[in-house]
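Notes follow once the structure below has been shown.
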Amino acid sequence: SAKDMKHRLGFLLQKSDSCDYSTSQSKKEKISSSQRVSQEEVRKWAESLGNLIHHDRGLAAFRAFLKSEYSEENIEFWVSCEDYKKTKSPTKLSPKARKIYDEFISVQAAKEVNLDSCTREKTSHNMLEPTLSCFDEAQRKIFTLMEKDSYRRFLKSPYYLDLVSPAGAGCGPENCKRSHTPTLDCNSNIISQCA
């Protein structure tokens, strides 16, 4: 449920001071500060969608919000395009491009994104000879769509407001428990775990 997802996300992004069992105070501060998102960083997410989705934990928070609205296909498409642009092997371009096209752009796509017919046609034409930039226009359109719509709702949602308010920013030693179970469907490097 959305409420459960929000609770889990809040747990992952909260301070984890008590999770470091080191006796050295300076080492403790270094480790715990690297395991949480600073209030300054969270506030930067409100400056632009780019700041939000180029930060691992910001992307996880935004993705969780979109899942709660059953509209995560846009961010999934954007992330897939970013991954696609990092493809080094020319022999992998065509199969990766086809997978993205079939999943997000084709008319029968399971996670079809909302593109105008002109952009859809151009992207379809690009599939004849896929290059690293064949999804650029479609990705730009989806970014703009998210920026004007879901990003604005995210900034007014508890997913963001709970993170930016100092009241929900941490936990004390008495109630912070060690957890090694990822509770969000996101990359393991963004899951805050105890050292």
Hey, what do you get for CD (Glu47) to CG (Leu52), rounding to the nearest 0.5 Å?
-> 11.5 Å
Is any side-chain N of the basic residue among Lys67 and Glu72 closer than 4.0 Å to the acidic one's carboxylate O?
-> no
Partner of Tyr160 under ring pair (Phe, Tyr, Trp, His ring centres under 6.0 Å), chosen from Phe62, Phe154, Tyr151 = Phe154
Salt-bridged, Glu40 to Arg43, with N to O below 4.0 Å?
-> no
From NZ (Lys96) to CD1 (Ile100), nearest 0.5 Å = 7.5 Å
Residue among Phe135, Phe77, Tyr101 satisfying ring pair (Phe, Tyr, Trp, His ring centres under 6.0 Å) with Tyr84 = Phe135
How long is the span from the NZ atom in Lys148 to the CG atom in Leu49, to the nearest 0.5 Å?
-> 12.5 Å
Donor-acceptor contact below 3.5 Å, side chain Ser133 vs main chain Asp136 = no
Flag yes if more than 12 heavy atoms outside Lys99 fall under 6.0 Å of its NZ atom; otherwise flag no.
-> no
Quick one: CD1 on Ile53 to CZ on Arg63, what's the gap to the nearest 0.5 Å?
-> 10.5 Å
Arg153/Asp149 ion pair, N-O < 4.0 Å = yes
Can you check whether Leu163's main-chain N or O pairs, donor with acceptor, with Gln39's side chain at less than 3.5 Å?
-> yes
State the CG-CG distance between Asn74 and Asn114, to the nearest 0.5 angstrom.
-> 7.5 Å
